[in-house]
Amino acid sequence: MTQKQKALSKEEEILLQDFSRNVSTKSNALFYGNAFIVSAIPIWLFWRIHFMDLLTSSPLFLIITCLSTYLVSFAYKKTKFVLKHKVAVKREDAISREISKMIAEDKKMNKKEKDERVLWKKNEVSDYEATTFSIFYNNALFLAVVIGLSFFLLKSFSPSFNYIFSVGLSSGLIALLSTGTK
Amino acid sequence: MDTWLKICIVVVFAVATTGNEEATPAKLLFSKQILNKYLVEGMDIVIKYSLFNVGGTAALDVQVADNTFGPQDFEVVGGQLKVTIDRIPPGSNATHVVVIRPSKYGYFNFTAAEVSYLPSEDAAEALVGLSSEPGQGAIVPFKEYDRKFSPHLLDWLSFAVMSMPSLVLPYALWYSSKTKYEAILTQKKDK
């Protein structure tokens, strides 16, 4: 009974992980780190091209970068969750074949153990692909929108307001788009 | 008939000689123009001075002086602000160009330059005149001009280099996993 409970809880754990919106600490650190870097990149443009003074504008840069970091990492998490299930469905067959090939010679392993391994591998691969694609997609969208807003739509604004609105609106937009279910 | 012709010739000569004795003194029209489209702090401004002699006699000892550009606000880069032209024949013109560089930004009132000249050879006193006034101009700060017009190629290149890791790395990682599992599927299909 106890072993069955343990086996069930292990399966449940994998399933819970699969369907959960929560990310692990490692993923969190990865997301926040990437979000901070990509949020800080536009500072270069505003310093060199819009001639914002680094020292006098540093409090503004800090506040907006922190806000943008939070919104971009939010977008990463939401996008990852949506993508993960799509990737899991796509990769299921390939992963099953890979696991089958790996454990072909191990006759001690029963079907249940094999299924568990497939489920675990499927979770790992879909998590990995969803994470990397989510980061790439949101970074590309964020930078494109920042450039579009600051050099086209908002170019007549003063540099400070240009920075606030272009970075703020870009990060807000990708956060909003990430809440879509498709 | 011959008599009439001779009388006509005499009259023409008389008119010609008296015309020379009553030639109008020299009269100069003086204009000052700013040739720049944009006035920018630390960048050259080209000023063109044009003198037109609309009188009947040559203007002599023409002295042009522009005292409106103080040394604390402007630096003379080319030409001189005080020039002497020996002679401007009647019906002709003379031009002079000066290149200056403003050291400060802000609104500046471009006022008239002065000219003095002798209207004839036997004139006792020189005539003094003023040029046209270009009026008020805004000298913009260099930052504003650079922000608007500089291509910033190096800055954009640096931005591209900085953005590459955030874009290329995640894409490469995703792509390698994707191709790996798609290859497993296609291998099985081929078998």
Side-chain angles (χ1 to χ4, degrees), chain A residues 30-31 33-53 72 76 83 87 90-101 121-122 124-144 146-147 151 155-156 158-159 162, chain B residues 36-44 101-107 138-191:
Chain A
L30 187 69
F31 282 159
N34 272 283
F36 178 76
I37 290 167
V38 86
S39 300
I41 288 172
I43 293 174
W44 170 262
L45 287 181
F46 283 88
W47 173 42
R48 298 291 297 178
I49 298 174
H50 290 291
F51 288 105
M52 279 181 79
D53 185 48
V72 170
Y76 286 157
L83 280 175
V87 171
K90 274 188 189 176
R91 302 285 175 248
E92 194 161 10
D93 279 347
I95 291 167
S96 301
R97 285 166 196 174
E98 187 191 26
I99 299 293
S100 301
K101 199 177 173 183
K121 186 71 179 173
K122 192 174 79 174
E124 194 189 60
V125 169
S126 56
D127 194 86
Y128 177 81
E129 283 196 22
T131 301
T132 49
F133 193 80
S134 169
I135 291 173
F136 161 72
Y137 173 78
N138 284 295
N139 285 356
L141 194 61
F142 173 75
L143 290 173
V146 164
I147 290 169
F151 291 95
K155 68 176 178 181
S156 56
S158 74
N162 192 336
Chain B
N36 284 44
K37 192 174 173 186
Y38 294 101
L39 306 176
V40 185
E41 173 201 8
M43 289 179 68
D44 295 347
R101 196 174 286 164
S103 51
K104 296 173 188 171
Y105 62 86
Y107 287 99
I139 301 172
V140 298
F142 180 74
K143 273 187 184 179
E144 283 291 320
Y145 176 81
D146 201 31
R147 192 182 151 211
K148 204 173 170 184
F149 294 105
S150 172
H152 294 281
L153 286 174
L154 208 60
D155 297 326
W156 278 109
L157 195 66
S158 309
F159 171 75
V161 167
M162 281 191 292
S163 311
M164 280 303 112
S166 303
L167 297 171
V168 170
L169 210 61
Y171 182 79
L173 292 172
W174 168 78
Y175 190 74
S176 69
S177 176
K178 173 184 178 272
T179 46
K180 177 187 164 189
Y181 287 101
E182 281 180 352
I184 293 172
L185 269 181
T186 48
Q187 268 175 15
K188 200 70 185 178
K189 277 181 185 172
D190 288 345
K191 283 180 184 176

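So that the names make sense, note that chain A is the first sequence line, chain B the second, and so on, each numbered from 1.
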Cut-off 4.5 Å, heavy atoms of chain A, and the answer for B:K178 is both

Bottom line for A:I49: the part with an atom under 4.5 Å from chain B's heavy atoms is both

Taken to the nearest 0.5 Å, the spacing of B:Y171 OH from A:Y137 OH works out to 14.5 Å

With a 4.5 Å heavy-atom cut-off, do A:I41 and B:S166 have their side chains touching? yes

field: A:K90 vs A:E129, salt bridge (charged side-chain N to carboxylate O under 4.0 Å, His left out): CA-CA, chis, key distance, verdict
entry: CA-CA 11 Å; A:K90 274 188 189 176; A:E129 283 196 22; over 6 Å; no

The interface call for A:F151 against chain B, heavy-atom contacts under 4.5 Å, is side chain

Answer key: most heavy-atom pairs under 4.5 Å with chain B among A:F136, A:W47, A:Y128 is A:F136

Turns out that what part of A:R91 lies under 4.5 Å from chain B's heavy atoms comes down to side chain

Are the side chains of A:I135 and A:F31 in contact, using a 4.5 Å heavy-atom criterion?
yes

Output field: ring centroids A:W44/B:F159 closer than 6.0 Å
no

Under 4.5 Å to a heavy atom of chain B? For A:N34 that would be neither

If one checks every heavy atom of A:L83 against chain B at 4.5 Å, the contacting part turns out to be neither

When you look at A:E124 and A:K121, which way does the salt bridge (charged side-chain N to carboxylate O under 4.0 Å, His left out) test go after all the steps?
CA-CA 5 Å; A:E124 194 189 60; A:K121 186 71 179 173; 3.6 Å; yes

